[in-house]
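The chains referred to below are lettered A, B, ... by the order of the sequence lines, with proteins before strands, and numbering in each begins at 1. All values derive from a computational prediction rather than experimental measurement.
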Amino acid sequence: MTHILQVFVISEKVLVTAALPYANGLLHIAHVRSTYLPADVFSRFLKATGRDAIYICASDDHGTPIEVNAAKRGVSPEEHVAFFRKKQVRDFKDLGIEFDFFSRSSGKVNREFSDFFFNTLKEKGFIEEREVLHRFCPKCKRFLPDRFVKGTCPFCGAFDQYGDGCEECGKIYRPVDLLDPKCAQCGTVPVEKAGKHFFFKLSSFSGKLKSWLESNNALQSEVKNYALKWIEEGLEDWDITRDAPYCGFEIPGEKDKYYYVWFDAPIAYFSSVAQWAKEKGVEFDGFVSGDAKIYHFIGKDILYHHYLFWPAMLLGVEKFSLPFAIPTRGHGLLAGKKMSKSRGSFITVEDFLKEFPADYLRYYWSATTSYSMQDGSFFWGDFQRRVNDDLANTLGNFVNRTLVFVKNNFDSKVPEILKPRQLAGAEKEFDAAISRVAGDVFSAMDSGDLKKGLEVLMDFVRECNKYFNDSKPWQLVKEGKDSSASVSVSLCAKAVATVAVLAFPFVPVSSRDIWSQLGFSSELEKVKWGSLKSLSVGGLVIKNPKPVFKKIEDSVIKKVSRDLGGA
RNA sequence: AGCGGGGUAGGGCAGCCUGGAGUGCCCGUCGGGCUCAUAACCCGAAAGCCGGUCGUUCAAAUCGACCCCCCGCUACCA
């Protein structure tokens, strides 16, 4: 059976989301690797294969760090969020990350959705009030969550540890357990103060979560095991309340009580869809309930929220579909080390794109990021190698040698292509390979293995180069066998068109370049993979061919790795 | 400490679930071919005790046990 046939009959609605970027800093290239790029590649793939897919995201505007950092900068949380959100939106655009809608978690619609979730869960008895003891700084007039209190580790006695865990012995504890506590901001000794908090009864969903995880085969098994382990150890109910001052939505009917940021953040996936649907004038329900296929792309750091908390909320509300898959990828490292500001190993998207085209980064991460929780490094040398060898020498050169050949020997006009039954030998084989490749790439990518899909595509391009070499059209032309040469060249041109279409999800800008150099005036993104078989290249007029990918010089790598880090 | 992931030619990886000659990919090295093309492309060769030990099996990179090393995670830090 050929998968490509299925492409015609797939008409399902698919919602693709990417983890909400926290509006508290600049995007760096590791963020791109685990979440935004794979989700973008996948949604482009879905659209190109006939699915009714949308790619939705939003800025995450809430939480303590935003409130605190805004105060540090002397601006309001709203201004702080707007500042970073704007930069992130620009970075996404420059990277070719094309959301159908990019909302904000602090928006009006998300507030309505959050209240709906809260009220529904409360009515159903899944949210209850409890008195809890927290440390309160009388000078700052605020409750001190985890990182806001410092003191001595109750286990090993290490000094100057944060409230959430000890960096010396690795033990985890609550802020109230910390000995000799002090406010991390002002050094004042905090007092213990009781307050009313709302708890989401996560523990009561253990059974349902377990069976959902176990029965859902689209979830990665490695991540599933991870989540199941947590259930086995016993889920704790989840404190979804934060006290003022807090940057978030105030809980209805309460004073100075806010939803914890992780309560309203995932809800923004759906509220954003609602906004998109309203703007487009289409139905909202189809993408979030019933048979909708929902994919949440995330980095491994937030898998608890997406494999446990969020599904439990959905199970409680009983209105929406549970995620179909939650593609979870590992983190991007810089030459084996965590990207972190303090260590100076932190490459922002902005800085990166000043030096290189977005497609270079898109290709590099796509080619090196497996569908797993495995971390992966960015190496400058490897990056250069991938760009120069894979993109320029293998892909770019195949395109270029084909187009230049048409220009020089066929008056820039692609010869008419023969029907498969008119072909024989190597030509017939190559034609079959061209017909086969879309299905092969499709199979890999449809299962979520984007890296494999790209590998299959690159293998095909190598096969193209081999065919070009073996069929020696330049020799045929010299011998006056123009018609034989035209058969080879027309097949290569068809291969180029096929590659442009299949590479589009990965390197959209470059693919468009190839497409237009080939002489197409149509829009590449409208071409469905299922229609590749009937794609006609004969008669196309080649525009002035020029290399699609420029190679990166050693000196540039040297300079950039020194300036941006990771040398 | 527990849990998760990893340890496969000089480097980077796939293969492992569903055992079948180390099967394979990219780069590097060495040799050859080609000259259409971005000094690109193609072919060939050298190079691995598949982290270690023990087991199961006719057969183990693949399954099981134990051990060693690396990385990560451990809920109110997105």
What about N465(A), does its side chain sit under 3.5 Å from the base of C41(B) through a donor-acceptor pair?
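A donor-acceptor contact between them is absent.
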Does the side chain of K551(A) reach to within under 4.5 Å of the side chain of V387(A), using non-hydrogen atoms?
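Not touching, per the 4.5 Å side-chain cut-off.
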N408(A) side chain near V477(A) side chain, heavy-atom distance below 4.5 Å:
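Heavy-atom side-chain distance check fails, nothing below 4.5 Å.
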Distance to the ring centre below 6.0 angstrom and angle to the axis at most 45 degrees; does that hold for R242(A) and Y258(A)?
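Ring-cation test returns no.
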Is the cationic atom of K201(A) (NZ for Lys, CZ for Arg) positioned less than 6.0 Å from the six-membered ring centroid of F126(A) and within 45 degrees of its normal?
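Not satisfied by the 6.0 Å and 45° rule.
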Taking the side chain of [X] as its heavy atoms from C-beta onward, which of [options] lies nearest to it?
X: K466(A); options: G4(B), U38(B), C42(B); answer: C42(B)
X: S370(A); options: C41(B), A14(B), U74(B); answer: A14(B)
X: W230(A); options: A75(B), C27(B), C34(B); answer: A75(B)
X: L235(A); options: A75(B), A37(B), U38(B); answer: A75(B)
X: E236(A); options: G72(B), A75(B), C36(B); answer: A75(B)
X: K551(A); options: A14(B), G4(B), U38(B); answer: U38(B)
X: F309(A); options: C27(B), A37(B), A75(B); answer: A75(B)
X: R385(A); options: C42(B), C27(B), A40(B); answer: C27(B)
X: K451(A); options: C76(B), C27(B), A14(B); answer: A14(B)
X: V404(A); options: U74(B), A40(B), A37(B); answer: A37(B)

Pairwise P distance for G44(B) and U8(B), with rounding to whole Å:
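Those two atoms are separated by 26 Å.
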Determine the Euclidean distance between corresponding C1' atoms of C63(B) and A1(B); express it in Å to zero decimal places.
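Per the computed distance, 28 Å lies between those C1' atoms.
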Send over the distance from [X] [atom1] to [N] [atom2], rounded to a whole Å.
X: I298(A); N: G72(B); atom1: CD1; atom2: C1'; value: 15 Å
X: K224(A); N: C17(B); atom1: NZ; atom2: C1'; value: 13 Å
X: D459(A); N: C41(B); atom1: CG; atom2: P; value: 15 Å
X: L403(A); N: A40(B); atom1: CG; atom2: C1'; value: 15 Å
X: K478(A); N: C34(B); atom1: NZ; atom2: P; value: 11 Å
X: F468(A); N: A37(B); atom1: CZ; atom2: P; value: 9 Å
X: I552(A); N: C27(B); atom1: CD1; atom2: P; value: 16 Å
X: Q374(A); N: C73(B); atom1: CD; atom2: C1'; value: 14 Å

For C73(B), the Watson-Crick or wobble counterpart (both distances under 3.5 Å):
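G2(B) is the nucleotide pairing with C73(B).
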Stacking check W474(A) vs C36(B) (5.5 Å / 30 deg)
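Yes, the aromatic ring of W474(A) stacks with the base.
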Are the charged groups of E131(A) and K196(A) less than 4.0 angstrom apart, N to O?
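A salt bridge is absent here (no side-chain N lies under 4.0 Å from a carboxylate O).
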Centre-to-centre under 6.0 Å for F309(A) and W238(A), is that the case here?
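Here the rings of W238(A) and F309(A) have centres that are less than 6.0 Å from each other.
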RNA chain B: 5'-proximal contact among Q475(A) and E455(A) (nearest heavy atom):
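Of the two residues, E455(A) wins.
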